[in-house]
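Note that ligands are numbered from 1 as they come in the structure, with each ligand's atoms numbered from 1 the same way. By convention here, the first residue in the shown sequence is residue 1.
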Amino acid sequence: MSNYTAPVRDMLFVMNELAGLDAVGTLPGYEEARADLAEAILEEAGRFAGEVIAPLNVIGDREGSRLIDGKVVPPTGFADAYRQFVDGGWGAVASEIDHGGQGLPQLLAKPVTEMWNSANLSFALCPMLTQGALEALEHHGSDELKAVYLSKLATGEWTGTMNLTEPQAGSDLAAVRTKAVPEGDHYRISGNKIFITWGEHDMTDNIVHLVLARLPDAPEGVKGISLFVVPKYLVNADGSLGLRNDVQCVSLEHKMGIHGSPTAVLAFGEKDGAIGYLVGEPNRGLEYMFTMMNHARLGVGLEGVAISERAYQQARDYARDRVQGKAIGQRAVGAIIKHPDVRRMLMLMKSQTEAMRALAYVTAAYMDQAARHPDPVQRAYYQARVDLLTPVVKGWSTETAQEVTSLGVQVHGGMGFIEETGAAQHMRDARIITIYEGTTGIQANDLLGRKTVREEGKTLRALIEEIRADVARVAELEGEAFRQIAVGLEEALRVLEATASHLIATAANDMPLAFSGAVPYLMQLGIVCGGWQMARAACIAKARLDAGDDVAFHQAKIVSAQFYATHVLPRAQAHAHAALHGGQATLALDESAF
Ligand SMILES: Cc1cc2nc3c(=O)[nH]c(=O)nc-3n(C[C@H](O)[C@H](O)[C@H](O)COP(=O)(O)OP(=O)(O)OC[C@H]3O[C@@H](n4cnc5c(N)ncnc54)[C@H](O)[C@@H]3O)c2cc1C
């Protein structure tokens, strides 16, 4: 069974060398975010993730969360680990200090989040959803709501949930039907929500549900949805817990993966109506959810990085131990890691994981710049980058995690298919991440529609120019690795530009045709941006190598970038081909012909 060791060396490399921790540390309020603090936090978080949370991953998978007499009982050890998590102050590292958080930049918080997710995705979902509820209240809640709920959520003493989905309202939240009827200073909420992650459990005294619902006079569609806080237990004026609110867990879903995390069907208002409190203004609920979406989507993208890292570590360790045959060119029987094809699979896992991590952390740093840069022009510039790259990090990383976790099974051979080994769990757990928090199709529509067509590719073109300047730097370096990286990336950029122009032009007169290329375009952009980060990493690694610094690590970075350029980057061309030429065949068949 696999262990997890946090990849602190690579995380620090990405944070310091690629994402610009130095620059983030100059932003107002982030002055303490220095390299030494980052290293200390990552070491400590890595220990906690590896020693406390990771060993529960397989227990969570086997036991699952269970509904017993109306109560949800998490797997053995989860409640104790959660208590330690809260006591250790890991609840909300990026939340405002005023609310009991540690006020760290996203660039420092996201690697820590990656560790929780690698260690145990089911467990990590609980603080992730809590963070989402916290952010919604931080940005949009009244002072009264903040006073009651913020510090409890920031410390993790209470957990939070996001209640969006209903049976008829999944990707299309305009179809939400849950009702909210005004009554004095509060509302009575009634309706059913499905698929609510950590919607019920006994790990904390209270659960704070954030619920999308409609007021009686609300307009139809997305413009008529409001956001409410509905606590499991009502909170008395003195802060103590009062009556149980009218919200019940009706059942738990039986799932393909993430068994440790309870996915609840919640019934609001089966009796008198659950008491809820309006967040912000009426009918602006969906807009409020959208302000948090970049964080949540980046968070799920990181789940892709995290589970890929875990699957890679497990496959690598197995490949070092498992002895099978003589590898081509070897004289003796040896470990399977000697076979060229096993190495190819491991390199596919390793290089893509590194590329995804780099793009996710760079985007986290853009978020910090967008939030805190003193110059409003710079803030707007970084926000545009965040807006463009968030659906890419979410969609591309989660799709790539499917390949990486599947390769993890393949490296194990038959044992990969056997549950005891643990490789299959990563693949099953990973399957949800392309679906929740907006499916890949939804991310791609966002990328193509709002982030590309609507602004006629402005942010994308600026990004391509920046990548070109970095490619020029790589092209100046001597050696076959750098030549392959530079040539591959230059060609990929040319094709990316052509794809974007074609889709923008097509969208002007044939929207379905353009949007049939949305996912290929998203994957193309993800692969190119990953290649960009790998190229930057190779450039920096070369300079460090020339200075004789940490030779093995920096040599491996260059090899990873070269492998990515030769094995992964060419896939961008295939996606481009689908986006440029594949629309007609996508749309041609009559529905009855499927
Ligand atoms: C384990 C789990 C945990 C979850 N946790 C939560 C939670 O905590 N809170 C919560 O509110 N929800 C949660 N969800 C719900 C999740 O967010 C939805 O399942 C997801 O948004 C997709 O909605 P759907 O299942 O209704 O699929 P549908 O919307 O029916 O989609 C089906 C297919 O159609 C495609 N599709 C739909 N619309 C479009 C479109 N406009 N363009 C292109 N393709 C489209 C989709 O990409 C997908 O392939 C969870 C779900 C699961 C399974």
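Salt-bridge annotation for E166 and R177: absent, with no side-chain N of the basic residue lying under 4.0 Å from a carboxylate O of the acidic one. A salt bridge does not link E419 with R62: every distance from a Lys NZ or Arg NE/NH1/NH2 to an Asp or Glu carboxylate oxygen is 4.0 Å or more.
Using a 3.5 Å distance cut-off with no hydrogens or angles, the side chains of E455 and T459 do pair a donor with an acceptor.
Checked against the 6.0 Å centroid criterion, the rings of F195 and Y436 do not qualify as a close aromatic pair. With ring centers used as reference points, F228 lies 6.0 Å or more from Y277.
Closer than 4.0 Å to atom 34 (O) of ligand 1 lies none of the heavy atoms of the protein. Taking a distance limit of 4.0 Å, we find that atom 52 (C) of ligand 1 is approached by some protein heavy atom.
Given atom 3 (C) of ligand 1, the protein heavy atom at minimum distance is T197 OG1, 3.3 Å. What sits closest to atom 45 (C) of ligand 1 on the protein, heavy atoms only, is I442 CD1, 4.4 Å. The single protein non-hydrogen atom nearest to atom 44 (N) of ligand 1 is G441 CA, 4.6 Å, given as residue, atom name and distance. Closest to atom 24 (P) of ligand 1 among all protein heavy atoms lies G170 CA, 4.0 Å. For atom 48 (C) of ligand 1, the closest non-hydrogen atom on the protein side is T439 CG2, 4.1 Å.
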Should N163 and T161 be marked as a side chain to side chain donor-acceptor pair (under 3.5 Å) after you check the CA-CA gap, both sets of side-chain angles, and the distance that decides it? CA-CA 6 Å; N163 286 249; T161 70; 2.7 Å; yes

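Interface atoms of ligand 1 facing I432, defined by a heavy-atom separation under 4.0 Å, are 1 (C), 2 (C), 52 (C), 53 (C).
When only interatomic distances are considered, the shortest N/O to N/O separation between F195 and ligand 1 falls below 3.5 Å. At a 3.5 angstrom cut-off on N or O pairs, L164 counts as close to ligand 1.
Heavy-atom proximity to atom 38 (N) of ligand 1, evaluated over G257, S122, S171, S261, is greatest for S171.
Of the heavy atoms in T161, none comes closer than 4.0 Å to ligand 1. Residue contacts with ligand 1 for E253 are absent, since no atom lies close enough (heavy atoms, distance under 4.0 Å).
The side chain to side chain donor-acceptor pair (under 3.5 Å) test with Y361 singles out one residue from Q106, E114, K110, and that residue is E114.
Ring geometry for H201 versus W198: interplanar angle over 60°, hence perpendicular rather than tilted (30 to 60°).
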